[in-house]
Amino acid sequence: MIVKREFGSVYGKPVYEYVLSNKNQMNVGILTYGATLRTLNVPGKDGRLTDVICGYDDIKSYVEGDGYQGAVVGRYANRIAKGRFTLDGEEYSLFINNGVNSLHGGEYGLNTKLFAVCENDKNNSIVMTAVLEDMEEGYPGRMMVEVTYTLTDDNALKINYRAKSDKKTIINLTNHSYFNLSGYASGSVLYHTLRLDADSYIPTDDTLIPTGEIKSVDGTPFDFRTEKRIGQDFYSEDNDLKIAGGYDHCLNFIGGETEEPVLRAELKDAKSGRVMKVYTDQPCVQLYTANFMNNSAYPFKGGFAQHTQNAVCLETQHMPDSINHDGFTNVVLDAGEEYNYTTVFAFELM
Ligand code: GAL
């Protein structure tokens with residue numbers, strides 16, 4: 001079932017929230033602003049629904065607050081060094097919005113766009129579209145972006161990302177939800193366990209730009225191939241963790257991208273009994289333990305204060321700053337070529 005309601009306004013236009021619910025009463029709220037996942041109410045072992053993602057009660061916080069809460073980010077999710085890249089001999093410079101670098105599509109990335117929505121009641125899905133103009137934020141190519149959210153009756157939220165550009169460009173799209181399976185207002189996420197199908201990761205410099213190295217997870221805190229508590233190695237003496245103030249790294253899935261979404265990550269919370277399985281066809285995931293989530297000016301839903309490490313992001317994507325490193329994943333999209341990836345967040349009980 002899909003219910004639409006108004007959620008304030010931006011740019012002098014109304015913002016809407018679409019609430020999709022399934023036969024188990026699981027429901028998700030999605031804003032037309034940034035195609036943002038605002039609420040994700042999932043049953044726990046006590047039979048009760050709890051909202052397992054961070055987010056705000058009002059549109060103003062989404063517009064002014066940082067952290068890209070729940071939003072779809074792009075046209076290039078993650079960082080591009082000094083906002084510069086070269087494509088076919090042409091140099092491009094992007095808006096610098098993160099120290100010396102460009103982050104998540106620049107000043108007015110996809111997370112700030114008002115998406116148009118087409119409802120599909122039969123599939124319990126909404127198709128959301130937005131246009132990024134040629135040279136907007138410095139990127140070449142007028143790009144059509146289409147994000148489809150589907151809520152299934154077996155408690156899975158599926159997100160399909162499609163895009164096409166009229167000129168050769170670069171692209172990296174993801175959803176920036178912050179998860180805590182006990183509920184966003186329940187404290188540290190370091191007690192959750194995580195398994196990740198990743199055998200290497202990307203170390204960064206102190207501006208969080210890849211050094212260029214692709215490092216094996218063997219013997220490092222980045223080895224999640226066997227499930228462990230997120231907190232297990234969080235405070236260990238590791239230079240890469242220190243630089244980032246926690247996990248804020250791209251981990252590379254074994255074998256790279258796949259034809260169809262496959263199971264790549266499992267997040268578990270013994271307290272609530274919730275398990276979140278992540279299926280994707282993307283080659284990597286940015287594991288981010290909300291190390292910057294401490295903006296006291298923008299409390300979360302119900303007035304709950306922000307706090308670092310109270311949630312974790314699993315941002316399925318391509319490698320950061322790929323275009324500036326040999327041997328990184330291909331993020332170039334040709335004119336007229338279709339970009340098409342899917343990530344599924346599937347919920348179960350332990
Ligand atoms: C993440 C990124 C972090 C931080 C965050 C937004 O995707 O890896 O470094 O910038 O977005 O606060």
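Atoms considered below: every heavy atom in the structure, side chains included; atoms not considered: hydrogens, waters and symmetry mates. Read the numbers this way: they start at 1 and go in the same order the structure lists the ligands and their atoms.
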Which side-chain N or O atoms in residues 107-114 pair as donor and acceptor under 3.5 Å with protein atoms at least two apart or in another chain?
residue	atom	partner	partner atom	Å
T112	OG1	G109	O	2.8
K113	NZ	E136	OE2	2.4

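Contact check on K228 versus D223 returns no salt bridge, with no Lys/Arg side-chain nitrogen under 4.0 Å from an Asp/Glu carboxylate oxygen.
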Subject >> Derivation of the salt bridge (charged side-chain N to carboxylate O under 4.0 Å, His left out) call for R162 and E338 >> reply: CA-CA 7 Å; R162 285 172 202 243; E338 191 190 49; 3.3 Å; yes
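Contact shell of ligand 1 (protein heavy atoms, cutoff 4.0 Å): G67, Y68, R79, L103, H104, H176, Y178, L208, D248, Q286, Y288, F292, E315.
Residue pairs meeting the side chain to side chain donor-acceptor pair (under 3.5 Å) criterion with at least one partner in residues 21-45, sequence neighbours excluded, are E17-R38, N22-N155, N24-N155, N27-N41.
Applying the side-chain hydrogen bond (donor to acceptor under 3.5 Å, both in side chains) test to K164 and every residue at least two apart in sequence or in another chain returns nothing.
For P299 against Y56, the heavy-atom pair with the smallest separation is O-CD2, 3.4 Å.
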